[in-house]
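Source: prediction; values computed, not measured. Order of listing sets the numbers, starting from 1, for every ligand and every atom in it.
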Amino acid sequence: CSSKYVLSQMHPMWQGPLAVPGGDRQSPIDIVVRKSVFDSKLKPLVTNYDPQTCQQIWNNGYSFLVEYDDTTDKSTLKGGPLQDQFRLCQFHFHWGESNAWGSEHTVDRRLFPAELHLVHWNSDKYSLFEEAVMEDNGLAVIGIFLKVGKRHEGLQKLVDALPAIRHKDSVVEFTRFDPACLLPANTDDYWTYHGSLTTPPLTESVSWIVMKQHIEVSHDQLAVFRSLLFTSAEEDVQKSMVNNFRVQQSLCGRTVRSSFT
Ligand SMILES: NS(O)(O)c1ccc(OCc2cn(-c3ccccc3)nn2)cc1
Ligand SMILES: [Zn+2]
């Protein structure tokens, strides 16, 4: 980007750096459909998730994370735009205080009420997430838009666990959850671009894969997300965990490719 610093309009709740030195591939972005470039070399995504690797669910003060055992290649992502094999380490969501907004990416400026991120790291090249997160081809994140509609049966097990992790830093055991149930029916159609983490440390290490097809969850299921708190049990002022999204960042000349015409 022309400016040396990309001012990230950090949400008030963030302590992170206000400016990212030399940030020219920051996320999220607005996906301008008619400017995306079809790439026939983009393959279908290949996910292989083992529900037995699901370990815990916790509130990290930004979102709630479902964490997977990533010490072996049991839950993996490959194909799509990726050259290497990536291991699933966690998934989490971003959402608004109302159904009118909440997603991080937008499509032709359209906002969705929430967005799911499935976070994977390059296990062909690195041995730990913490290592991969600093490298430019270290991570692959699948972004899936949520719309309010019919109840998502697979999501309910996760929704039922949320009251137990209302406060920041609370964690409960969470097992045998198959993240494949959160994927849309069609995973062949996606946009992909090189970007960054959308929360600190905002490192520019992510191959983003944003699904064209959304999933549906019920109003009540999304309302339980909003019952979570940014704050820990000891704090005297409790703040609802809502609007935990970053605003769109400049494209800085990047091309968004599409796997479909
Ligand atoms: N929202 S998003 O999908 O873009 C997304 C995905 C993953 C994120 O991880 C932050 C993080 C970094 N580290 C870390 C720990 C030790 C050393 C280095 C880094 N731990 N968690 C943030 C945002
Ligand atoms: Zn995220």
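- Under the side chain to side chain contact (heavy atoms under 4.5 Å, CB included) test applied with W121, the options R87, E135, E131 reduce to a single match, R87.
- Contacts between L197 and ligand 1, counted as non-hydrogen atom pairs separated by less than 4.0 Å, involve both the backbone and the side chain.
- I57 pairs with exactly one of V171, L162, L65 by the side chain to side chain contact (heavy atoms under 4.5 Å, CB included) rule, that one being L162.
- Atoms of ligand 1 lying under 4.0 Å from at least one heavy atom of V133, given by number and element, are 18 (C), 19 (C).
- When the heavy atoms of Y62, F93, F129 are ranked by distance to atom 13 (N) of ligand 1, first place goes to F129.
- Looking at ligand 1, you won't find any N or O of Q90 less than 3.5 Å from one of its N or O atoms.
- Counting only heavy atoms from C-beta outward, the side chains of L158 and F91 approach each other to under 4.5 Å.
- For T198 against E104, the heavy-atom pair with the smallest separation is OG1-OE1, 2.6 Å.
- At a heavy-atom distance under 4.0 Å, only side-chain atoms of P201, from C-beta outward, approach ligand 1.
- Listed by atom number, the atoms of ligand 1 under 4.0 Å from W208 heavy atoms are 3 (O), 4 (O).
- The shortest N/O to N/O separation between H94 and ligand 1 falls below 3.5 Å.
- Here the protein heavy atom with the shortest distance to atom 17 (C) of ligand 1 is E130 CG, 3.6 Å.
- When the Zn ion (ligand 2) is compared with the N/O/S atoms of H117, atom ND1 turns out nearest.
- Taking the six-membered ring wherever Trp is involved, the centroid distance between the rings of F225 and F64 falls below 6.0 Å.
- No salt bridge links R110 with D108; every basic N to acidic carboxylate O contact stays at or beyond 4.0 Å.
- We find that K74 and D50 are not joined by a salt bridge, their nearest charged nitrogen and carboxylate oxygen being 4.0 Å or further apart.
- Look at R246 and you'll find every heavy atom at least 4.0 Å from all atoms of ligand 1.
- Across the listed options T198, T203, V141, T198 owns the non-hydrogen atom lying nearest to atom 2 (S) of ligand 1.
- Ring-plane geometry between F177 and F174 is classed as tilted, the angle between the planes lying from 30 to 60 degrees on a 0 to 90 degree scale.
- Residue contacts with ligand 1, taken as heavy atom pairs separated by less than 4.0 Å, do not involve F245 at all.
- Below 4.0 Å from some heavy atom of T199 lie the following atoms of ligand 1, by number and element: 22 (C), 23 (C).
- Taking the six-membered ring wherever Trp is involved, the centroid distance between the rings of H105 and W191 does not fall below 6.0 Å.
- Shown in contact with V119 at under 4.0 Å from a heavy atom are these atoms of ligand 1, numbered in order with element: 3 (O), 6 (C).
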